[in-house]
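Chain letters run A, B, ... following the sequence lines, proteins first, then strands; residues in each count from 1.
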Amino acid sequence: MTPPVLQVQQLHVTAGDQSIVRDVTFDLSRGELTTIIGPSGSGKSTILRAINRLADKESGLQVSGSIRYKGCDVFRCCPVNELRRDISLVFQKPCIFPGSIRRNVLFGVRHHQPMSRTRQNDLIEKVLRQAHLFKEVKDRLNKPAHLLSIGQKQRLAFARSLAVNPAVILLDEPTSSLDPHSTIEIEKALRELKSTCSILLVTHSLEQGRRISDRVIFMSNSQGFGTIVEQGAVEQIFENPQHPDTQQYVLNR
Amino acid sequence: MTIRLFKQRIFYAVSAASALMLMGLVALALYLVIARGIPALSFSFALQPMAEGGLSGGVRHQMIGSLILLITTLVLVVPVALSIAIVHTVYLRESSVQKSLSLILHVLNGIPSIIFGLFGFFVFVKFLGWGKSWFTGGILLSMMILPTVALTLSEGMRRIPHEYIENARSLGLSKEQMVISILIPQSASSFLSGLLLGLVRAVGETAPIMFTATVFSGATVPNGIVDNPVLSLPYHIFTLTQESYQAKAVQNAWGSACLLLLIVFGLNALATPFRMNAFEEIKTA
């Protein structure tokens with residue numbers, strides 16, 4: 001059995017005296033798509049931001065516990081910029097930088113490695129295909145990216161994250177405001193990427209979680225802070241949940 | 001008429017009268033400068049050197065001197081204002097040091113220009129022994145407009161949508177890379193707008209340069225730094241106005257004032273599209 005790529009142990013996130021998440025422990029294995037579900041305010045997004053180190057570095061939250069990436073403690077031995085290249089985060093609201101589609105795809109990666117024009121073109125095609133966007137934009141790569149639809153913008157943001165070649169992709173409700181077509185395209189992309197990346201997805205859509213997950217983590221906020229009350233294979237969580245909170249949320253009983 | 005409606009009309013009347021009074025004063029000032037300056041203005045006035053102590057000739061060297069002061073100010077203020085704005089926005093986020101720096105910039109912005117002149121006189125002219133020098137003038141004018149430029153740029157940087165910064169950071173960009181790829185390009189309009197408005201103020205200032213950088217006559221184009229003053233339009237106007245018993249001197253002063261006003265309007269006109277663009281960026285962000 002391969003060791004987990006990411007190990008989160010006893011993660012606590014607090015804002016001053018207020019706990020946001022407490023006692024969060026889970027592993028993310030290579031080639032696995034894990035989904036975090038749970039009610040609003042249960043700290044799902046906070047966990048992604050803690051892993052990517054946006055929570056402590058950018059938002060000023062206090063993060064304790066342990067997050068190990070490939071065996072290395074991310075708070076101690078991983079330079080934060082290198083960590084973020086390896087563990088990429090796609091936000092709920094797609095953010096498009098001013099400029100062309102091409103510039104947006106290369107936005108992160110061009111700072112990390114110098115590339116010839118040919119390599120840039122190859123990379124743009126590769127990641128746009130992975131994000132299921134290439135066919136729709138191949139004739140207008142130099143056109144302004146803000147002219148794309150919201151679904152296309154989200155796939156572009158996804159492609160931009162893929163361009164830095166991450167080993168782990170964190171997605172924070174990436175399809176929450178998208179049309180069914182764009183949602184299906186992103187789900188297809190995630191299924192295909194599973195073979196090369198580990199994926200941690202936060203979603204409010206139980207159907208989506210059921211369709212594409214290998215493992216599911218259910219978080220509850222019934223104690224006033226977010227915590228994991230149950231985790232397991234997708235069938236276990238959706239067909240035979242054990243915890244009352246999970247039963248109520250998933251089976252509505 | 002209800003009391004409420006009456007109050008509304010009174011409020012409107014007072015506001016409109018105040019605005020009209022201000023606009024009337026500005027219009028009167030402009031009318032005076034333009035109506036009295038236009039007769040003196042000609043190409044030869046702008047291109048000829050001064051003669052007979054300002055009673056004849058033109059303002060060629062005053063224009064060149066003002067341009068030298070303006071360019072020196074521009075060259076000195078850009079890197080310093082940029083550095084201050086970056087430190088203020090990126091490295092001192094929400095700290096007490098940031099608040100202190102903001103306070104210092106605001107206080108500096110309110111210092112009367114004559115104080116800069118006195119400071120320059122004692123430090124550069126006397127203590128360092130530079131004498132009157134165009135370079136001292138550039139330093140003092142850049143010190144004077146530095147807060148305006150740095151605060152405008154800093155405000156422009158702060159208005160950049162936070163999601164740009166967060167997305168850039170999540171892609172592994174360092175702070176330096178983020179400054180180069182997001183903060184500077186996205187605040188360029190604010191920067192140029194603040195810079196041009198600062199230069200508008202600098203080009204018309206007399207007090208900081210009258211003891212330190214400029215003379216009324218006897219200077220052409222500087223050939224060194226120390227003891228190399230320049231002529232300048234504001235000081236020229238100041239001196240000619242004091243000679244008001246000479247009708248020709250007064251006419252030349254109005255002509256010079258009109259020319260200075262044209263330069264100020266030109267710089268303001270240049271700043272306007274950048275200012276509009278900065279607002280447009282905020283609206284569309």
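A distance of 4.0 Å separates CZ of Phe97(A) from CD1 of Ile182(B), quoted to the nearest 0.5 Å.
The part of Ile96(A) that comes within reach of chain B is its backbone (N, CA, C, O), which places non-hydrogen atoms under 4.5 angstrom from that chain.
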Between chain B and chain A, identify all donor-acceptor pairs below 3.5 angstrom, including backbone and side-chain atoms.
residue: Glu166(B); atom: OE1; partner: Arg49(A); partner atom: NH1; Å: 3.4
residue: Glu166(B); atom: OE2; partner: Arg49(A); partner atom: NH1; Å: 3.1
residue: Glu166(B); atom: OE2; partner: Arg49(A); partner atom: NH2; Å: 2.4
residue: Asn167(B); atom: OD1; partner: Arg160(A); partner atom: NH2; Å: 3.4
residue: Arg169(B); atom: NE; partner: Glu58(A); partner atom: OE2; Å: 3.1
residue: Arg169(B); atom: NH2; partner: Glu58(A); partner atom: OE2; Å: 3.3
residue: Leu171(B); atom: O; partner: His112(A); partner atom: NE2; Å: 2.9
residue: Gln177(B); atom: NE2; partner: His111(A); partner atom: O; Å: 3.1

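Scanning both residues, Leu171(B) and Val164(A), for their nearest heavy atoms gives O-CG1, 4.3 Å.
In this view, Phe124(B) and Trp130(B) satisfy the ring-ring contact (aromatic ring centres under 6.0 Å, His included) rule, not counting sequence neighbours.
For chain B, the option among Gly108(A), Pro98(A), Ala157(A) with the highest count of heavy-atom pairs below 4.5 Å is Pro98(A).
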